[in-house]
2 protein chains.
Amino acid sequence: MEEKKLTLNLDIRSGLPIYTQIVNQIQSQLVNGNIKPGDQLPTVRALAQELRVNFNTVARAYRILDKERIISTQQGRGTYITEIPPPEVSERLRHESLEALTQRFINEAFRLGFSEKVISQMVRDSLKSMKEAIINDNE
Amino acid sequence: MEEKKLTLNLDIRSGLPIYTQIVNQIQSQLVNGNIKPGDQLPTVRALAQELRVNFNTVARAYRILDKERIISTQQGRGTYITEIPPPEVSERLRHESLEALTQRFINEAFRLGFSEKVISQMVRDSLKSMKEAIINDNE
DNA sequence: CCTTTATTGTACTAATTGTATCATTGTAAC
DNA sequence: GTTACAATGATACAATTAGTACAATAAAGG
């Protein structure tokens, strides 16, 4: 089960740029379950060779998907599906999962011996710096 | 019980290099008392086999921790947690491990699609209810 | 003791992966 | 035609991980 074939069909006549087609088709295959969170995508070079395009074109598609948090790319390592696309998941379930996640986090932080004040300050700082990083990405 | 199992959980989707994840998790386990000064860590090859990575990846993590004076590696002997961590080291360690923990948490929450506002509200709520629980415990 | 063998971390290098930058090409507007 | 711009390609680069050989220490056998 190590190899996902990930057959993408490019259509020259569609008029859409190749990188857009790659983005769309990977999203589709994720939605229909053909690929799943945690799966490794082909390397930019491997997929490029299969599609007979330049690997930078694939890299561009991957960069878009990465920005959308659908995949996680890591230089030297590869590209992995990250997101559990939550469109039809109920709001209540999503909220509960955040609640569970938060409690695990706070529990662990308490276990490390940190006070409520320090924890909430750290959350504020992290949120701030992470927001700034995203802003920088967008321009 | 001579053997510390040192269960580390690598997360492909975190985007962090493996050696960084190893560093962070060993720091955390030291801060929370799961491992203690004087303890011997697994050999680079043993931990590598368990994590299914190349032993040089573990060696790289150990080298970083060694440079930070958190562990002491000795060729031919093994790797040990430093006996008397200087106070400023242990304080920095505590801070860094909370930082890493917080970033993992926020990353995961973002990945689930929550906004900054919702996340910080949830943290506030959780901290509040957890504090109340502790108060109730104490009386 | 001394020698040999196994075990452990180290050093260096190679391979694999994504990134950054600029050049080229094609297409549309003017 | 010229220009502007978007898409793609070419090339060089950086980061991570893997492969191989080695050195230091400990353990075992004599």
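By convention in this document, chain letters (A, B, ...) are assigned in the order of the sequence lines, proteins followed by strands, and residues within each chain are numbered from 1.
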Do the side-chain N or O atoms of [X] get closer than 4.0 angstrom to the phosphate oxygens (OP1, OP2) of [N]?
X       : N      : result
B/Thr57 : D/dT16 : no
A/Thr79 : C/dG18 : yes
B/Thr73 : C/dT10 : yes

Quiz item: How many angstroms lie between CD in B/Gln27 and CG in B/Leu65, if you round to the nearest 0.5 Å?
Solution: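 Nearest 0.5 Å value for the CD-CG distance: 6.0 Å.
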
To the nearest Å, how far apart are [X] [atom1] and [N] [atom2]?
X       : N      : atom1 : atom2 : result
A/Arg77 : C/dA15 : CZ    : C1'   : 16 Å
A/Arg63 : C/dT19 : CZ    : P     : 7 Å
A/Arg60 : D/dA10 : CZ    : P     : 16 Å
B/Tyr62 : C/dT10 : OH    : C1'   : 15 Å
B/Ile12 : C/dG18 : CD1   : P     : 13 Å
A/Asn54 : D/dG9  : CG    : C1'   : 4 Å
B/Leu16 : C/dG18 : CG    : C1'   : 16 Å
B/Asn56 : D/dA21 : CG    : P     : 14 Å

Self-check item: Verify same cluster id: A/Tyr19, A/Val53 (apolar side-chain graph, 4.5 Å)
Solution: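 They do share one cluster, since a chain of ILVMFWY contacts under 4.5 Å joins A/Tyr19 to A/Val53.
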
Quiz item: Taking atom types as modelled, is there a side-chain donor on A/Asn54 or A/Asn56 under 3.5 Å from an acceptor on the other?
Solution: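 Checked: A/Asn54/A/Asn56 side chains pair up, N/O donor to acceptor below 3.5 Å.
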
Self-check item: B/Thr79 side chain to B/Gln40 side chain, donor-acceptor N/O pair below 3.5 angstrom
Solution: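 No donor-acceptor contact under 3.5 Å links the two side chains.
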
Quiz item: Base, sugar-phosphate alone, or nothing: which one does B/Arg45 contact when heavy atoms must sit under 4.0 Å apart?
Solution: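 If one applies the 4.0 Å heavy-atom cut-off, B/Arg45 turns out to touch a base.
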
Quiz item: What nucleic acid atoms does A/Tyr19 come within less than 4.0 Å of, heavy atoms only: base, sugar-phosphate, or nothing?
Solution: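 Sugar-phosphate contact only - A/Tyr19 comes under 4.0 Å of backbone atoms but never of a base.
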
Self-check item: Carboxylate-amine/guanidinium proximity below 4.0 Å for B/Glu96 and B/Arg92
Solution: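 Here B/Glu96 pairs with B/Arg92 in a salt bridge, since their nearest N and O are under 4.0 Å apart.
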
Quiz item: Quick one: which of D/dT17, C/dG18, D/dA24 gets closest to the side chain of A/Val44?
Solution: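 Looking only at heavy atoms from C-beta outward on A/Val44, the closest nucleotide is C/dG18.
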
